[in-house]
Amino acid sequence: MAVTINTLREYKQKGEAFSVLTSYDATFAQIVSEAGVDVILIGDSLGMVLQGHDSTLPVTMDQMVYHISSVAKGNRGSLIMADMPFMTYGTTEAALENAAELMRAGAHMVKLEGTGWMKDTIHALSERGVPVCAHLGLTPQFVNKFGGYKVQGRDEKHAELMIEHACELVAAGADVILLECVPAPLAARITQAVQAPVIGIGAGAETDGQVLVVHDMLGMTTGRKPRFVKDFLAEASSVKGAIEAYVAAVRDRSFPAEEHTFKA
Ligand code: KIV
Ligand code: NA
């Protein structure tokens, strides 16, 4: 049966962890989907992983549409989440138009990076039939404001603000929250605070779901390897086997381990 937003809500209610991986093409999408990954993310990480840029900012709508339509063809029942590129949701009007284009290409949900300011936009999208994932914490489109890729929410004031934003955005209509590079105790607090499923990357084992960039979990990280990355191909004999091992490790919460987690 195809994964829907209801499937993710059921996982949260039952306390069962679900898995998410990026894919950018039909072949990966099919293998990832057949390996039992619940959500496929067409991340704007493709700007770095596929295009070689040093940030996600140059990714365009046309490029997202191209990759989404490829992934949609390979998909075998996973939920397809797509990133809205940098500054394509700066106003609510732009967000509605651009989200519609991603949905027409085959996305089932769009992901936006930001904080409280996204409230009205998320509400407008949600009211018009576009499910939204709100990405908080280390939001890579903000790399120039952050002055680098740094763990977010380390001090209590910032942590409380992030909890507040997550609650506000869910109240506005966000169906899913994604937390990137936040201390595990903060991710656990947010996961408990909101009814919506919470996906984590570098956010500890207590979120409802986990996500990785597929190239990273296949040991294809170029440059510095982030703390939260594990190479699942190292102990598998095929790409499909590695992805199945990831799904199993997420499900039994053996991944992420302490070594992949930021404590505070
Ligand atoms: O673009 C991406 O791949 C992402 C994940 C790392 C969460 O946003
Ligand atoms: Na992204």
Side-chain angles (χ1 to χ4, degrees), residues 8 18-25 28-29 32 37-61 63-68 70-71 78-89 95 98-99 102 107 109-115 118 132-146 149-153 166 174-182 187 190 197-204 207-218 220-230 243 246 250 255-256 260 262:
L8 305 185
F18 62 89
S19 49
V20 184
L21 280 180
T22 66
S23 298
Y24 315 107
D25 64 40
F28 266 101
V32 162
V37 172
D38 293 290
V39 181
I40 297 178
L41 171 65
I42 298 109
D44 60 358
S45 52
L46 68 86
M48 300 172 85
V49 176
L50 303 188
Q51 300 174 340
H53 293 296
D54 61 3
S55 80
T56 59
L57 273 62
V59 175
T60 66
M61 277 295 298
Q63 291 164 353
M64 289 304 296
V65 165
Y66 169 81
H67 288 285
I68 293 165
S70 301
V71 164
S78 301
L79 186 118
I80 297 178
M81 183 192 288
D83 269 337
M84 297 200 66
F86 179 64
M87 211 50 83
T88 62
Y89 49 100
N98 290 318
L102 301 183
M109 178 180 294
V110 298
K111 178 159 76 63
L112 281 63
E113 297 181 8
T115 55
M118 298 196 295
V132 176
C133 172
H135 183 158
L136 310 180
L138 198 183
T139 43
Q141 293 176 8
F142 291 69
V143 61
N144 296 296
K145 283 290 283 184
F146 291 157
Y149 297 100
K150 300 171 200 295
V151 177
Q152 300 293 313
D175 294 286
V176 175
I177 296 286
L178 190 147
L179 301 175
E180 177 164 351
C181 292
V182 303
I190 294 174
V198 176
I199 299 166
I201 176 165
T207 55
D208 303 303
Q210 296 292 332
V211 59
L212 284 176
V213 168
V214 74
H215 291 65
D216 283 338
M217 57 78 67
L218 295 174
M220 296 165 77
T221 309
T222 54
R224 203 180 68 84
K225 183 173 142 185
R227 181 178 171 88
F228 53 78
V229 167
K230 179 177 172 178
I243 296 170
Y246 166 72
V250 168
F255 177 81
H260 307 117
F262 304 104

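Note that this is a predicted model, so its numbers are computed, not measured. We use all heavy atoms of the structure for the numbers below, so side chains are in, but hydrogens, waters and symmetry mates are not. Ligands are counted one by one from 1 in listed order, and the atoms in each one are counted from 1 as well.
- Side-chain contact between D44 and P85 is absent, with no heavy atoms from C-beta onward closer than 4.5 Å.
- Looking at E180 and L136, their side chains never come closer than 4.5 Å, going by heavy atoms from C-beta outward.
- Using a 3.5 Å distance cut-off with no hydrogens or angles, the side chains of Q63 and Q51 do pair a donor with an acceptor.
- The N, O or S atom of D83 with the smallest distance to the Na ion (ligand 2) is OD2.
- The nearest N, O or S atom of E113 is not closer to the Na ion (ligand 2) than 3.0 Å.
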Contact table ligand 1 N or O to protein N or O, d under 3.5 Å:
from: ligand 1; atom 1: 1 (O); to: D44; atom 2: N; distance (Å): 3.2
from: ligand 1; atom 1: 1 (O); to: D44; atom 2: OD1; distance (Å): 3.3
from: ligand 1; atom 1: 1 (O); to: S45; atom 2: N; distance (Å): 2.9
from: ligand 1; atom 1: 1 (O); to: S45; atom 2: OG; distance (Å): 3.2
from: ligand 1; atom 1: 1 (O); to: D83; atom 2: OD2; distance (Å): 3.1
from: ligand 1; atom 1: 3 (O); to: S45; atom 2: OG; distance (Å): 2.6
from: ligand 1; atom 1: 8 (O); to: K111; atom 2: NZ; distance (Å): 2.8

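- In this structure the side chain of S19 never reaches within 4.5 angstrom of the side chain of F255, judged on heavy atoms.
- Donor-acceptor pairing under 3.5 Å is lacking for the side chains of S70 and D25.
- Annotation for V213 and T22: closest pair CA-OG1, 3.4 Å, computed over non-hydrogen atoms.
- Side-chain contact between T139 and F146: present, with at least one pair of heavy atoms (C-beta onward) separated by less than 4.5 Å.
- The N, O or S atom of D44 lying closest to the Na ion (ligand 2) is OD1.
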